[in-house]
Amino acid sequence: MNEDQFRHAELLRGAFNEYLLRLYDSTANSHEPPLNYEFDFIERGSWSGLSASMVKCDLRELTNLVNRWSFLLWRWRTWTLVLEGREELERWGLSREFLDSIVHECLLLPASMRDTITWVATSAFHQVRLNTEPTYRDHLEGEPETAEERTKPLNRRQKEKRLSRMLKIWPSSKKFLKALGEINSKDYIKETSNYRNFTAHTIGPRIGIGHTRTVTRYLEPARALKQVGDGTYVYEILPSELTVSYGIGGMPPLDLEAVFAANLVEYEKARSCYLEYRALLETAVAEIVPLNKE
């Protein structure tokens with residue numbers, strides 16, 4: 001290890017030690033207690049086959065995801081305190097080593113959590129209806145009806161509509177569906193510069209420092225020179241034609257303080273939606289014939 005590498009290692013070691021001290025300092029950094037795993041209400045019903053195990057397993061994993069998001073935000077907040085007041089290059093190096101991966105995962109969670117809750121709820125309430133309605137079919141929209149057919153993939157809107165139709169027999173489901181629809185809001189997408197879609201499909205904005213996509217390519221209406229009465233020329237737009245143009249653009253880096261606040265709001269929405277789902281599920285499961293414990 002040369003001298004530069006040694007200094008860098010010392011920087012990382014010192015910053016991580018400070019991070020650990022701040023992480024567990026309850027006076028400086030409070031942390032919301034994790035959601036519990038008390039799912040006894042599921043076991044009270046007389047389910048058929050493996051239905052109860054399926055619903056309970058999915059609820060456990062959904063709980064894990066919400067709890068993990070909360071812990072990631074706790075770590076993000078703690079690293080923000082560690083980096084505060086440091087020189088730009090030092091802050092950049094530490095962020096790249098410790099913080100960027102946390103921020104990246106958090107920024108993807110609103111969209112993925114909305115989809116995950118939709119999937120978990122669809123699976124669970126499908127099983128509830130199978131265990132409470134003798135005429136309810138074990139078939140989901142999008143699934144093939146015959147061996148010759150193929151599965152029809154559904155987009156997010158179609159999946160949420162399918163869930164809404166499935167839940168219509170429970171009037172109290174409106175609160176849950178409303179909470180679900182508020183996750184990954186348009187405001188959040190705007191505040192994070194559409195980070196999820198750009199990073200998934202092209203090149204997204206950097207976290208904290210540095211511009212991307214400094215040269216842009218775009219289409220615009222074509223123009224042609226047209227002579228006017230005084231002998232001069234002006235550009236005239238040709239509305240039926242397009243031309244390719246290149247220009248200096250630049251996507252600025254994400255403001256960590258602003259996107260943390262936006263992500264925290266989305267976490268709180270997801271947590272509230274989770275609680276609405278859990279309450280609705282408990283209400284629905286109560287309709288299943290209770291187990292005979294005699």
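Hydrogens, waters and symmetry mates play no part in the numbers below; they use all other heavy atoms, side chains included.
With hydrogens and angles disregarded, no donor-acceptor distance shorter than 3.5 Å links the side chain of T122 to the backbone of L163. Under a 3.5 Å cut-off, the side chain of T192 and the backbone N or O of Y188 do form a donor-acceptor pair. Listed for the R22 side chain is no donor-acceptor partner under 3.5 Å among the backbone atoms of T78. With hydrogens and angles disregarded, no donor-acceptor distance shorter than 3.5 Å links the side chain of R162 to the backbone of L140. No donor-acceptor pair under 3.5 Å is formed between the side chain of W47 and the backbone N or O of I288.
At most 12 non-hydrogen atoms from other residues, nucleotides or ligands lie less than 6.0 angstrom from CD of E3. Counting heavy-atom neighbours within 6.0 Å of L225 CG, excluding the residue itself, gives a total above 12. More than 12 heavy-atom neighbours from other residues, nucleotides or ligands sit within 6.0 angstrom of CD on E10. The environment of K56 atom NZ is dense: over 12 non-hydrogen atoms of other residues, nucleotides or ligands sit within 6.0 angstrom. With a 6.0 Å radius and a threshold of 12 heavy atoms from other residues, nucleotides or ligands, I203 has its CD1 atom at or below the threshold.
Looking at residues two or more places apart in sequence or on another chain, you find no ring pair (Phe, Tyr, Trp, His ring centres under 6.0 Å) involving W119. Under the salt bridge (charged side-chain N to carboxylate O under 4.0 Å, His left out) criterion, D115 pairs with R156, not counting sequence neighbours. By the side chain to side chain donor-acceptor pair (under 3.5 Å) test, E38 pairs with no residue at all, sequence neighbours left out. Checked against side chain to side chain donor-acceptor pair (under 3.5 Å), E287 has the following partners two or more places apart in sequence or in another chain: W170. Every salt bridge (charged side-chain N to carboxylate O under 4.0 Å, His left out) that R86 has, sequence neighbours left out, goes to E18, E90. For E191, there are no salt bridge (charged side-chain N to carboxylate O under 4.0 Å, His left out) partners at least two apart in sequence or on another chain. Taking W69 as the reference, Y267 meet the ring pair (Phe, Tyr, Trp, His ring centres under 6.0 Å) condition, with sequence neighbours excluded. For D187, there are no side chain to side chain donor-acceptor pair (under 3.5 Å) partners, not counting sequence neighbours. Shown here are the salt bridge (charged side-chain N to carboxylate O under 4.0 Å, His left out) partners of D4, two or more places apart in sequence or in another chain: R7. Residues satisfying the ring pair (Phe, Tyr, Trp, His ring centres under 6.0 Å) criterion with Y136, sequence neighbours excluded, are H126.
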Hey, can you pull the donor-acceptor pairs under 3.5 Å for the side chains in residues 240-249, sequence neighbours left out?
from	atom 1	to	atom 2	distance (Å)
S245	OG	E220	OE2	2.7
Y246	OH	R217	NE	3.3

Please tabulate, for the side chains in residues 147-154, all donor-acceptor contacts under 3.5 angstrom to protein atoms that are two or more places apart in sequence or on a different chain.
from	atom 1	to	atom 2	distance (Å)
E148	OE1	T146	OG1	3.4
E149	OE1	E145	N	2.8

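A cation-pi contact, defined as under 6.0 Å to the ring centre and within 45° of the axis, links R96 to W92.
A chain of hydrophobic side-chain contacts below 4.5 Å, direct or via other Ile, Leu, Val, Met, Phe, Trp or Tyr residues, connects L72 to V66. Hydrophobic clustering (ILVMFWY, side-chain heavy atoms < 4.5 Å, transitive): M54 and L280 are in distinct clusters. Linking Ile, Leu, Val, Met, Phe, Trp and Tyr whenever their side-chain heavy atoms come within less than 4.5 Å leaves I183 and I189 in two separate clusters. By the criterion of side-chain heavy atoms lying less than 4.5 angstrom apart, applied directly or through intervening Ile, Leu, Val, Met, Phe, Trp or Tyr residues, L11 is grouped together with F16 in one hydrophobic cluster. Tracing side-chain contacts under 4.5 Å through hydrophobic residues (I, L, V, M, F, W, Y), one never reaches L107 starting from M251; they form parts of separate clusters.
Annotation for A111 and N184: closest pair CB-ND2, 3.6 Å, computed over non-hydrogen atoms.
Between F39 and F41, the two ring planes are perpendicular [angle over 60°; tilted spans 30° to 60°].
Electrostatic pairing of E141 and R165 counts as a salt bridge here, judged by a charged N lying under 4.0 Å from a carboxylate O. Of the charged side-chain nitrogens involved, none lies within less than 4.0 Å of a carboxylate oxygen, so that R278 and E282 do not count as a salt-bridged pair. No salt bridge links R157 with E160; every basic N to acidic carboxylate O contact stays at or beyond 4.0 Å. Taking the charged nitrogens against the carboxylate oxygens, E266 and K269 do have a contact shorter than 4.0 Å, which makes a salt bridge.
Taking the six-membered ring where the residue is Trp, the centroids of Y277 and Y274 are separated by 6.0 Å or more.
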